[in-house]
Amino acid sequence: MDELTEIPQMTLEFFGINLVFNTQTILMTWVVMAALIGFGFLATKKIGFLPNPFQVVGELLVTVFQGLTLDALGEDLAKKYFPLICGLFMFLLLSNWLGIIPELSEPTKDLNTPLGLGIMGFCIAHYSGIKAKGFKAYVKGYTEPIIFLAPLNVIGEISKVISISFRLFGNIMGGAIIILVVSHLVYSLILPPALNLFFGLFVGTIQAFVFTMLTLVYISVQVN
Amino acid sequence: MAIEGADIVKAAAFIGAGLAMGFGAIGPGVGEGFAAGKACEAIGKKPEEAGLLTRTMLVGQAVSESTGIYSLVIALLLLFVV
């Protein structure tokens with residue numbers, strides 16, 4: 001049970017600042033990125049009328065997320081933000097599924113990954129809001145309905161980042177801990193595959209979709 | 001073996017983790033059950049929209065689950081960090 005709280009870290013001295021790297025998280029993120037690049041290469045290698053399996057999956061993803069972004073953002077912005085949304089979903093999906101393979105662990109199990117993605121979505125949403133409405137209208141949006149409520153509006157915006165990232169982190173971390181504890185109790189017999197199926201595939205897919213959809217909704221709220 | 005202050009803190013953290021998880025699980029349980037019941041009603045009325053309804057229900061449940069997940073995070077913090 002020692003691996004429950006253990007985080008492999010590497011400290012680097014850099015001009016008097018201690019830089020701490022979570023080595024396992026970084027390594028697993030690289031694995032996910034390599035797999036995604038491989039997938040993209042295989043899907044577009046021989047584009048044809050008779051598609052290979054990778055092309056089918058790629059076309060499915062593109063079709064579904066093009067429809068979703070088109071519904072939320074409209075014609076012009078959908079073309080701009082569709083790659084971000086689709087890429088985010090693919091990265092999160094593969095990250096959440098990675099824990100099924102023994103010896104590998106989900107990069108989303110570390111709070112730094114969801115928090116980084118959440119802050120990225122927050123910055124993109126507000127940047128697109130300023131760009132779409134202009135700075136004056138953007139600031140004026142905080143003083144709705146009266147000016148005294150401006151601090152509450154600011155806190156509401158910040159709490160969005162906390163909620164979106166802790167939701168993903170808690171689901172994946174909780175699932176991983178439950179799988180580990182139950183596996184120890186039953187000596188890794190019978191139950192762990194079913195648990196991996198539920199927490200890895202099912203919850204992982206739903207949480208990746210929810211994270212992506214919420215990022216899209218935050219962008220569309222800021223734009224409109 | 002005398003009981004020291006650190007032991008009491010540890011015991012209090014474990015009790016707090018149990019309480020956080022127990023009370024925190026009430027809300028999501030009620031909320032997700034309510035959403036599933038409503039989705040069942042809607043599917044009964046319109047069976048041809050079952051796919052869309054199921055997808056919407058799952059996303060809504062995942063969002064309403066987040067309060068339970070917060071209490072899980074707090075419980076984990078109490079168990080492993082304190």
Side-chain angles (χ1 to χ4, degrees), chain A residues 1-7 60 64-65 67-68 71-72 89 92-93 96 108-112 114-115 118 159-181 198-199 201-218 221, chain B residues 6 9-40 42-43 48-82:
Chain A
M1 298 292 280
D2 287 333
E3 65 260 46
L4 208 61
T5 51
E6 190 187 52
I7 302 170
L60 187 73
V64 169
F65 280 94
L68 285 171
D71 287 344
F89 178 75
L92 284 173
L93 190 70
N96 295 348
T108 36
K109 214 170 80 177
D110 191 333
L111 180 57
N112 297 305
L115 200 59
S159 75
K160 276 179 182 173
V161 182
I162 308 283
S163 91
I164 195 175
S165 48
F166 270 83
R167 179 178 303 127
L168 182 61
F169 163 71
N171 269 290
I172 304 302
M173 183 75 177
I177 285 178
I178 288 170
I179 289 171
L180 205 65
V181 169
F198 179 75
F199 286 108
L201 288 179
F202 183 68
V203 174
T205 312
I206 288 187
Q207 290 307 320
F209 187 68
V210 166
F211 193 99
T212 316
M213 285 315 293
L214 283 177
T215 308
L216 183 59
V217 167
Y218 292 164
V221 163
Chain B
V9 169
K10 203 82 187 164
F14 287 154
I15 291 173
L19 283 177
M21 209 50 246
F23 283 115
I26 295 173
V30 173
E32 288 187 32
F34 191 72
K38 286 287 181 191
C40 279
I43 291 175
E48 68 272 12
E49 293 281 335
L52 177 70
L53 284 168
T54 312
R55 202 171 66 220
T56 318
M57 180 196 79
L58 281 175
V59 172
Q61 282 184 333
V63 172
S64 73
E65 198 184 36
S66 55
T67 49
I69 297 299
Y70 300 154
S71 69
L72 175 70
V73 171
I74 298 295
L76 291 177
L77 282 178
L78 284 172
L79 281 179
F80 296 117
V81 179
V82 174

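Just so we're on the same page: letters track the sequence lines, and every chain starts at 1.
A:Phe202 touches chain B through its side chain: at least one heavy atom from C-beta onward sits under 4.5 Å away, while N, CA, C and O do not. Only the side chain of A:Phe209 comes within less than 4.5 Å of a heavy atom of chain B; its backbone N, CA, C and O stay farther away.
Nearest heavy atoms, B:Ile69 versus A:Arg167: CG2-O, 3.9 Å.
Between the CG atom in B:Leu72 and the CD1 atom in A:Ile177 there is a gap of 7.0 Å [rounded to 0.5 Å].
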Below 3.5 Å, can you tabulate the donor-acceptor pairs from side chains in residues 52-62 of chain B to any protein atom, sequence neighbours excluded?
unit_1: B:Thr54; atom_1: OG1; unit_2: B:Ala50; atom_2: O; d: 2.6
unit_1: B:Thr56; atom_1: OG1; unit_2: B:Leu52; atom_2: O; d: 2.7
unit_1: B:Gln61; atom_1: NE2; unit_2: B:Glu32; atom_2: O; d: 2.9

